[in-house]
Amino acid sequence: MLGPFAVSKTFYITTPIYYVNDKPHIGHAYTTIACDVMARFKRLDGFDVKFLSGTDEHGQKVAKAAKDQGISPQELCDRNSKNFRDLLGVIGASNDDFIRTTEERHKVACQALWKQLEANGFIELKKYAGWYAVRDEAFYDEGELTKNADGVLVGPTGAPVERVEEENYFFKLSAFQDRLLKFYDTNPDFIGPKSRFNEVYSFVKGGLNDLSISRTTFSWGVPVPGPKGDDPKHIMYVWIDALTNYMSALGYPNTSGDYAKYWPNVMHMVGKDIIRFHCVYWPAFLMAANLAPPQRVFAHGWWTVEGQKMSKSLGNVVDPNDMVAKYGLDQIRYFLMREIPFGNDGDFAEAAIAGRINGELANELGNLAQRGLGFIAKNLGGELPSPGAFTAEDTELLKAAADIIGPVREAMDKQGFDKALDAIWSVVRAANVYVDRQAPWALKKTDPARMNTVLYVMAETVRHLGILMQPFVPTSANKMLDQLGVPAGERTFAHLGYAHALKPGPLPAPTPVFPRYVPAGEAQAPKPPKGAK
RNA sequence: GGCGGAGUAGCUCAGGGGUAGAGCAGCGGGAUCAUAAUCCGUUGGUCGGGGGUUCAAAUCCCUCCUCCGCUACCA
């Protein structure tokens, strides 16, 4: 199956904008790593890629936090936005841009979109009276309220509510039910995984209410544009502000340049908590402005920690900095992409992480490279030998390594990271079997020419694996390719296959690429070999 | 309450009318190039319970139980 992006060869991928009041944790890292893997994969596959991340900086909670700390909201945003920007570096993200909703380019884009929606007749001013919870920044219906133990009226989240009468602008979301359903029908790949598609579909089918899109009770936001400059009373409320970031970063309302190049060839990666906003509101906003909806939204799951929900009160919130320091960056990236089918929830457990690192990265892949390159270093003076004629076994392995990009690409087009790695691992395992069967250490005495061919086939297979693993473990994969002497410009998927095979000659001294992980406090002593007396 | 998903080996999961599968863990063996890694073999399951359709059901139908997601509503 061709992916939705196969036609135009540009690919725009976004993380959500992270709320500056939050502290970066493994969940943020997960979303961003998934985007980064996609972005790197598409670049290696010949796409012109733009990868965006950023921070969401408006709202009452930010204003209040700043006030509590005696600083301006902008100061607070500057400080906290940096935490997320720093995280990108920590996890090796290759983003091309970083957008902040307090930037001028974003204000311009939001106001332009607003004016377009207004001109098209989809915004109206309505008096609204309702129960408002400051803590949740949300209105609740009368029926949703309960009295808590102290007799205070609270919303479904337990947040106290107050009666508020406000004049708000509303977006006529209700007008889009049919158009959205038709859009889903004709774009069955719009939402992944499939189960989320069905949820969104049935939500829209159940009917849509108009959406309040402005606030007058606080001022930390993008001003609503009026006929003569900004409306002094209203600021835009959350989603119309937040979602627009994806277009602000393309230069909207300028529809030439990046906008023309990348929109709507975009994929939004989101957590499952914000799927409705991306799959219902966002396409509706865009349709209302005569713009094309995005091509795909993928909602990923949550991580528990050792089987428990991650929460501040449990004190088990995983700091990405700690994890990277403890296990290694590529190791964490690999674990997060490999452990679960993307879209499912997963468990961030020491035993599982160690198992993946040692069993797969160190033992199977890392050791494969090291046993081959180490052999060449020790027995052939570090010279990659010239191969002789290939046997059926040689050809079979080389072909498997060269052809696996097909299934890998197919998996990646559906964000099946685990499936892609599964496919790559079929080659890793085949290569280890090959080495055992060919036994170059035995050929050393009996048939050195054949030994040379076997070592060459090994090295060439590792070259393929190095190229294929770059999106997932960029540093380590490139280290592998360095050790094979593969030039930096010859590491894309176009260089898979025998046409770009390794040239015999001197290689740098090999060192193991994926160290084994030894849990802190555990003895370094390895378990005794099987059959040891 | 409604809609949807799930329940298969110790663990994580795949399969979806025709002899129950993979990875990990376990057990046995081989190899000794390598990060004590690798390779081969193998134990293990009346496929959530019950009923039905069928020559044949993990698979289709009914029903019940348990878990999860979305959604609605009541006081």
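Residue numbering restarts at 1 for every chain, and letters A, B, ... go by the order of the sequence lines. Note that the coordinates shown come from a computational prediction; the quantities given were computed from them, not determined experimentally. Only this structure's heavy atoms are used, side chains among them; waters, hydrogens and symmetry mates stay out.
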Separation between the C1' atoms of C65(B) and G50(B), rounded to whole Å: 11 Å
Rounding to an integer number of Å, can you tell me how far K272(A) NZ sits from C68(B) C1'? 9 Å
Just to be sure I understand the rule, does R356(A) reach a base, reach only the sugar-phosphate, or reach nothing, if contact means heavy atoms closer than 4.0 Å? nothing
CG of D273(A) versus P of G69(B): gap in Å, rounded? 13 Å
From C-beta outward on P512(A), which listed nucleotide comes closest to its side chain: G69(B), C33(B), U35(B)? U35(B)
Only pairs with both distances under 3.5 Å count, Watson-Crick or wobble alike; so what is the partner of A36(B) in this structure? none
Q370(A) side-chain proximity, nearest of C24(B), A34(B), A31(B): A34(B)
Using the C1' atoms only, state how far A58(B) lies from G7(B), rounded to an integer number of Å. 12 Å
Spacing of the P atoms in G48(B) and C11(B) (rounded, Å): 14 Å
Does a salt bridge link K326(A) with D322(A), judged by any charged N lying under 4.0 Å from a carboxylate O? no
Spacing of H300(A) atom NE2 relative to G69(B) atom P, expressed in whole Å: 17 Å
Using OP1 and OP2 only, check whether a side-chain N or O of N367(A) sits under 4.0 Å from U38(B). no
So which nucleotide from C33(B), A37(B), U38(B) ends up closest to the side chain of R516(A)? A37(B)
Check this for me: does any side-chain nitrogen of one of K194(A) and D189(A) sit under 4.0 Å from a carboxylate oxygen of the other? no
Interatomic distance at C1', G44(B) relative to A20(B), whole Å: 12 Å
Looking at F122(A), is K172(A) sitting on its ring face, NZ or CZ under 6.0 Å from the six-membered ring centre and within 45 degrees of the normal? no
Between A14(B) and A22(B) - P atom distance, rounded Å: 16 Å
Tell me whether F375(A) and C33(B) count as stacked here, given that the ring centres must be under 5.5 Å apart and the planes must differ by less than 30 degrees. no
Sugar-phosphate only, base, or nothing, as touched by G366(A) at under 4.0 Å among non-hydrogen atoms: base
Taking pairing as Watson-Crick or G-U wobble with both contacts under 3.5 Å, can you name the mate of C67(B), or confirm there isn't one? G5(B)
Nearest 0.5 angstrom please: I332(A) CD1 to M337(A) CE, how far? 11.0 Å
Minimum side-chain heavy-atom gap V200(A)-F190(A) below 4.5 Å: no
So if I take every side-chain heavy atom of D436(A) and compare against U38(B), A37(B), C40(B), which nucleotide ends up nearest? U38(B)
Spacing between E306(A) atom CD and U12(B) atom P, to the nearest angstrom: 14 Å
With sugar-phosphate meaning primed atoms plus P, OP1 and OP2, does V513(A) contact a base, only sugar-phosphate, or nothing at under 4.0 Å between heavy atoms? base
Inter-nucleotide C1' distance (A6(B), C39(B)), Å rounded: 37 Å
Residue met sooner reading RNA chain B from 5', once G359(A) and I340(A) are mapped to nucleotides: I340(A)
Candidates U35(B), A34(B), C39(B) - which lies nearest the side chain of K378(A): A34(B)
Upstream residue (5' side of RNA chain B) when G374(A) and V433(A) are each assigned their closest nucleotide: G374(A)
Give me the distance, rounded to whole Å, that separates G45(B) from C13(B) when you measure between the C1' atoms they each carry. 14 Å
Send over the distance from R437(A) CZ to U32(B) C1', rounded to a whole Å. 17 Å
Verify the neighbour count for atom CD of E396(A): are there more than 12 heavy atoms of other residues, nucleotides or ligands below 6.0 Å? no
When you compare C40(B) with G51(B), how far apart are their P atoms, in angstrom units rounded to a whole number? 43 Å
What integer distance in Å separates W303(A):CH2 from U12(B):C1'? 12 Å
Report the C-alpha separation of V454(A) and Y434(A) in whole Å, then their side-chain angles, then the decisive distance to 0.1 Å, and conclude whether the side-chain contact (heavy atoms from CB on, under 4.5 Å) test is met. CA-CA 9 Å; V454(A) 167; Y434(A) 170 87; 3.8 Å; yes
List the steps, then state whether side-chain contact (heavy atoms from CB on, under 4.5 Å) holds for K479(A) with T511(A). CA-CA 9 Å; K479(A) 195 172 158 196; T511(A) 51; 3.8 Å; yes
Starting at CZ of F203(A) and ending at P of G69(B), how long is that distance when rounded to a whole Å? 18 Å
At under 4.0 Å, does any side-chain N or O of R371(A) touch on OP1 or OP2 of U35(B)? no
Which is true for N363(A) with a 4.0 Å heavy-atom rule: it touches a base, it touches only sugar-phosphate, or it touches nothing? sugar-phosphate
Searching all strands shown, indicate the nucleotide that pairs with G23(B) (Watson-Crick or G-U wobble; both distances under 3.5 Å). C11(B)
Integer-rounded Å distance: U35(B) P and N432(A) CG: 14 Å
Nucleotide opposite C60(B) in a Watson-Crick or G-U pair, distances under 3.5 Å: G52(B)
Side chain of R429(A) only, please: which of C70(B), C33(B), C24(B) is the nearest? C24(B)
